[in-house]
Amino acid sequence: MVNNLNDRPIGVFDSGIGGLTVAAELHKRLPAENLIYLGDTARVPYGTKSVAAVNRYALESALFLLNRNVKMIVVACNTVSAVALPRLKMLLSVPMIGVVEPGVRAAVKSTKNDRIGVIATPSTIASKAYQTRLQEALPNATVFGRSCPLLVPMAEEGRVDGKIVSQLLEEYLKSLRKKGTDTLILGCTHYPLFKKTIGEVMGDTVTLVDSAETTAEQVEATLLREGLLRTHGPGMVKAYVTDMPRQFDKVARRFFGAPLGKVERVTLGD
Ligand code: DGL
């Protein structure tokens, strides 16, 4: 029997294109689910903006998705998850999952020496969301945070490997390596694209945590628990952006791993 409530889409939003790495994992794990993706490309990056601005943008994105009748919202942006998710959860009653908590859980499971590194945007590191949650989950943990502000623009330009990327990552990561971290959280949607070079710089003994996978697991568990899982497919993916749909479409393939249908431009906050 078709349950119409379950056929409603899952809303996924990010400051721009990076959240497609999370959408890709969701699509892989839950191919029957319909997904609506919203990238706020007009206002990206969020990672260098004030808390007040990120809160406002996040609420506008969530309301846009709710107007499209989504059954759940996945905040596929580390900066929004770190800075604005608790407030969003207070304001809206739809099930909502961010990417910080799944990353924390995966890191706690992986670490053997309780020394965990987190790399993320300046706003995420300044919020201390990862540091706080890791220490709550693992009181003995020593957490080292490092912001890597140049990685987002480089990923957007498609520069994810080569000499300059290796040198930059060496600069960003050497202190974490010296601290003996055995687990490194990639706390930004764009960083999984640098996984290969980050792995080379950190060495084989360090586990890289990409929260996209664990987020998809948590979404599945929540849908099951709430009786909202869609079991017949295939699901459709629809993408909206707030600016530059063509540019988004060009870069999207690298993040999503497959072409998206027609990308539509929308205005938020009307
Ligand atoms: N999506 C953001 C994050 O995961 C990175 C891009 C931005 O700064 O807006 O933190």
Side-chain angles (χ1 to χ4, degrees), residues 11-26 37-62 65 73-86 88 96-104 106-107 117-131 133 145-160 168-169 172 184-195 198 208-216 239-244 247-248 251-252 254-256 268:
V12 182
F13 79 89
D14 178 38
S15 53
I17 202 157
L20 283 175
T21 54
V22 178
E25 281 302 325
L26 284 172
Y37 184 86
L38 170 65
D40 190 6
T41 47
R43 300 187 289 202
V44 71
Y46 287 4
T48 47
K49 304 259 160 52
S50 69
V51 171
V54 174
N55 270 320
R56 180 160 54 85
Y57 300 163
L59 183 59
E60 287 176 6
S61 293
L65 293 171
I73 292 181
V74 179
V75 178
C77 174
N78 285 267
T79 303
V80 175
S81 302
V83 169
L85 188 56
L88 274 188
M96 223 180 286
I97 286 181
V99 285
V100 170
E101 193 58 40
V104 165
V118 182
I119 51 172
T121 63
S123 307
T124 300
I125 294 298
S127 77
K128 298 210 180 295
Y130 274 106
Q131 294 91 317
R133 279 298 299 120
R146 177 73 160 105
S147 66
C148 307
L150 291 175
L151 295 186
V152 166
M154 291 193 75
E156 299 272 339
E157 289 293 324
R159 276 189 171 260
V160 292
L168 181 64
L169 284 168
Y172 279 148
L184 178 65
I185 299 179
L186 309 183
C188 171
T189 48
H190 290 58
Y191 298 179
L193 296 180
F194 298 96
K195 227 181 202 171
I198 293 174
L208 305 183
V209 171
D210 168 358
S211 49
E213 273 170 38
T214 36
T215 302
Y240 297 92
V241 293
T242 51
D243 203 7
M244 312 272 275
Q247 170 66 13
F248 180 90
V251 191
R254 201 164 41 235
F255 284 78
F256 191 65
L268 299 180

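Numbering of ligands and ligand atoms starts at 1, following listing order.
- Scanning the protein for heavy atoms near atom 8 (O) of ligand 1, the closest one is G47 N, 2.8 Å.
- Residue H190 has no N or O atom closer than 3.5 Å to an N or O atom of ligand 1.
- Contact annotation for V44 and ligand 1: only side-chain heavy atoms (C-beta onward) come within less than 4.0 Å of the ligand.
- Between T214 and S211, the side chains place no donor N or O within less than 3.5 Å of an acceptor N or O (distance only, hydrogens not considered).
- The shortest contact between atom 6 (C) of ligand 1 and any protein heavy atom is with S15 OG, 3.5 Å.
- Annotation for R43: atom CZ counts as buried by contact number, over 12 foreign heavy atoms lying within 6.0 Å.
- Taking atom 5 (C) of ligand 1 as the reference point, the nearest protein heavy-atom neighbour is C188 SG, 3.5 Å.
- Between T79 and T121, the side chains place a donor N or O and an acceptor N or O closer than 3.5 Å (distance only, hydrogens not considered).
- Remark: the T41 side chain and the D243 side chain contain no N/O donor-acceptor pair separated by less than 3.5 Å.
- Nearest-residue assignment for atom 10 (O) of ligand 1 (options D14, V22, T79; heavy-atom criterion): T79.
- Checked against a 6.0 Å centroid threshold, the rings of Y46 and Y57 count as neighbours.
- Between Y191 and D210, the side chains place no donor N or O within less than 3.5 Å of an acceptor N or O (distance only, hydrogens not considered).
- Counting the atoms of ligand 1 from 1 in the order shown, those under 4.0 Å from a heavy atom of Y46 are 7 (C), 8 (O), 9 (O).
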